[in-house]
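Worksheet: the structure to be examined is printed underneath.
Heavy-atom basis, side chains included; hydrogens, waters and symmetry copies ignored.
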Amino acid sequence: MSDKKEATELQKELEKLVNLDSGKITFDDSQIDYMLQNIGNLDPHLRDDVVYTLFARGFFENSFTSKQKAKIFTNFINSKNLFKGIDQPENDLIFLRTFSALLGSLILDDDKKHSILNATKRKTLFNWSISYLKEERDFRGYVKDKGWAHSVAHGSDFLGSTLSHPDFTTNNTADILAIIETVFQNMQGPFIDDEEQRLAFAFFEGVHFGKIPTAEFNSFINCYNEKIYQQLAENDRISWYRLSSWLKLLQNWYFYFSNQSVKDNLLKKISEYNEQMGYQL
């Protein structure tokens, strides 16, 4: 059988698995290999609806064997697909990176329940989830004919899986909070695909699960809020895009948090924005 025909047959097999009821899916090694090879495929149906969907169901429904899980996370680490082409001009490798970020999130979430990673591999994924959003420069959301790239959203999901993991600890909260400033500084245009709510939720998880102390989070809000307004003096459009995205972070956090000291601080910053923009009677 030719490689092309074999690939077509494997895709058909996987499409059938997608339609099976929960708990009914099993995988063979050739199917796992095909999924790993096509995690960044440019066909959005194959990448999103088949490959990613089956990775998610495989972990959520515990359909992968222990050996298959080991194959998946070993490939994730050894391939370093999360960083492939990250220093190159905008190109199609973005899909490989961002769907690798989603896979990293799935692996860490499964590790919370089943402890599938050893300490070294777990730490590697923790570190990568923090460094990915700092290094990524391609912030495209939905790409015509190719589907979702959505690096900030997918990277935020990966980060959130670290910040909610019981084994994650840090002595450098500032390094994590710096992700927000780095992402904003790397913006080349406005976010248009709800990236802010995914980024906000990752940091909400960090505070909620005690990885980011509340006092440090409030201090960051105060400092960066002041900085974001100072940037407006540059009078360039990107500074206003950053302010708009910052407001959306504040608004999302306001509804995510129940901690009153955080909510009070957020409401104050949102009210200050409204006052600055003249939205008051």
Side-chain angles (χ1 to χ4, degrees), residues 101-102 105 108-109 112 126 129-130 132-134 139 141 150-187 190-233 238-281:
L102 288 180
S105 179
L108 282 180
D109 287 346
K112 295 175 196 174
F126 289 163
S129 73
I130 294 167
Y132 172 69
L133 281 173
K134 292 183 177 181
F139 288 171
H150 226 195
S151 61
V152 174
H154 294 187
S156 296
D157 292 351
F158 189 17
L159 177 64
S161 294
T162 286
L163 295 178
S164 60
H165 197 291
D167 292 337
F168 176 73
T169 59
T170 181
N171 295 318
N172 192 356
T173 305
D175 185 55
I176 298 172
L177 290 167
I179 292 171
I180 294 175
E181 184 169 359
T182 302
V183 168
F184 277 27
Q185 286 303 118
N186 289 333
M187 289 175 68
F191 290 135
I192 59 173
D193 290 308
D194 293 331
E195 287 86 352
E196 295 93 348
Q197 66 188 44
R198 302 273 277 275
L199 185 62
F201 191 73
F203 283 89
F204 164 70
E205 289 181 284
V207 178
H208 178 79
F209 288 101
K211 313 302 181 179
I212 301 173
T214 301
E216 290 188 40
F217 184 67
N218 269 332
S219 178
F220 167 77
I221 291 172
N222 294 339
C223 292
Y224 193 64
N225 191 73
E226 182 177 346
K227 189 170 186 176
I228 208 89
Y229 281 100
Q230 289 173 348
Q231 290 184 1
L232 294 180
I238 196 67
S239 296
W240 289 95
Y241 293 152
R242 291 180 186 127
L243 176 60
S244 176
S245 287
W246 176 241
L247 174 66
K248 290 173 185 174
L249 280 186
L250 297 173
Q251 291 169 331
N252 277 286
W253 281 329
Y254 182 79
F255 287 102
Y256 290 155
F257 279 97
S258 58
N259 181 293
Q260 197 59 49
S261 71
V262 177
K263 289 183 76 74
D264 288 346
N265 195 25
L266 291 166
L267 183 58
K268 180 181 178 183
K269 299 299 182 290
I270 294 168
S271 298
E272 287 173 357
Y273 171 89
N274 289 336
E275 183 178 343
Q276 290 265 6
M277 298 299 116
Y279 300 139
Q280 58 179 353
L281 296 177

- Measure the acute angle between the ring planes of F201 and Y256, then classify it against the limits of 30° and 60° as parallel, tilted or perpendicular. perpendicular
Which pairs would a plain distance check flag for residues 175-182, meaning a side-chain donor or acceptor within less than 3.5 Å of a matching protein atom at least two apart in sequence or in another chain?
| residue | atom | partner | partner atom | Å |
| --- | --- | --- | --- | --- |
| D175 | OD1 | K134 | NZ | 2.4 |
| D175 | OD2 | K134 | NZ | 3.4 |
| E181 | OE2 | K227 | NZ | 2.2 |
| T182 | OG1 | A178 | O | 2.9 |

- Message: Testing the basics here: between K211 and P166, what is the closest heavy-atom pair and its distance to 0.1 Å?
- Response: NZ-O, 3.5 Å
- Query: So, the side chain of S161 versus the backbone of D157: is there a donor-acceptor pair under 3.5 Å, distance only?
  - Reply: yes
- Item | Test side chain to side chain contact (heavy atoms under 4.5 Å, CB included) applied to L247 - qualifying residues, sequence neighbours left out | Q251, I270, Y273
- Task: Identify the heavy atoms of S164 and K112 that sit nearest to each other, and give their distance.
- Result: OG-NZ, 2.6 Å
- Message: Does either side chain, that of S261 or that of N259, offer a donor lying less than 3.5 Å from an acceptor on the other one?
- Response: yes
Would you be so kind as to tabulate the donor-acceptor pairs closer than 3.5 Å made by side chains of residues 213-223, with sequence neighbours excluded?
| residue | atom | partner | partner atom | Å |
| --- | --- | --- | --- | --- |
| E216 | OE1 | T173 | OG1 | 3.4 |
| N218 | OD1 | N265 | ND2 | 3.1 |
| N222 | OD1 | N265 | ND2 | 3.2 |
| N222 | OD1 | K269 | NZ | 2.8 |
| N222 | ND2 | N218 | O | 3.3 |

- Item | Beyond-backbone contact of S239 with R242, side-chain heavy atoms, under 4.5 angstrom | yes
- Task: Compare all side-chain heavy atoms of M277 with those of L243 and state whether any distance is below 4.5 angstrom.
- Result: yes
- Task: State, with a plain yes or no, whether a side-chain heavy atom of Y224 is found less than 4.5 Å away from one of L249.
- Result: no
- Indicate the atoms forming the closest heavy-atom contact of G141 with E195, along with that distance. CA-OE2, 4.1 Å
- Item | F255 CZ: over 12 foreign heavy atoms closer than 6.0 Å | no
- Query: Are side-chain heavy atoms of F168 and L163 found at a separation under 4.5 Å?
  - Reply: yes
- Query: Where the side chain of S156 meets the backbone of V152, is there a donor-acceptor pair that is under 3.5 Å apart?
  - Reply: yes
- Donor-acceptor under 3.5 Å (K248 side chain, Q197 main chain): no
- Determine whether Q280 and N274 make a side-chain contact, defined as any pair of heavy atoms from C-beta on separated by less than 4.5 Å. no
- Message: So which atom in A200 and which in W253 form the shortest heavy-atom distance, rounded to 0.1 Å?
- Response: O-NE1, 2.9 Å
- Note on the structure: Note: I212 and F203 closest approach over all heavy atoms is CD1-CD2, 3.8 Å
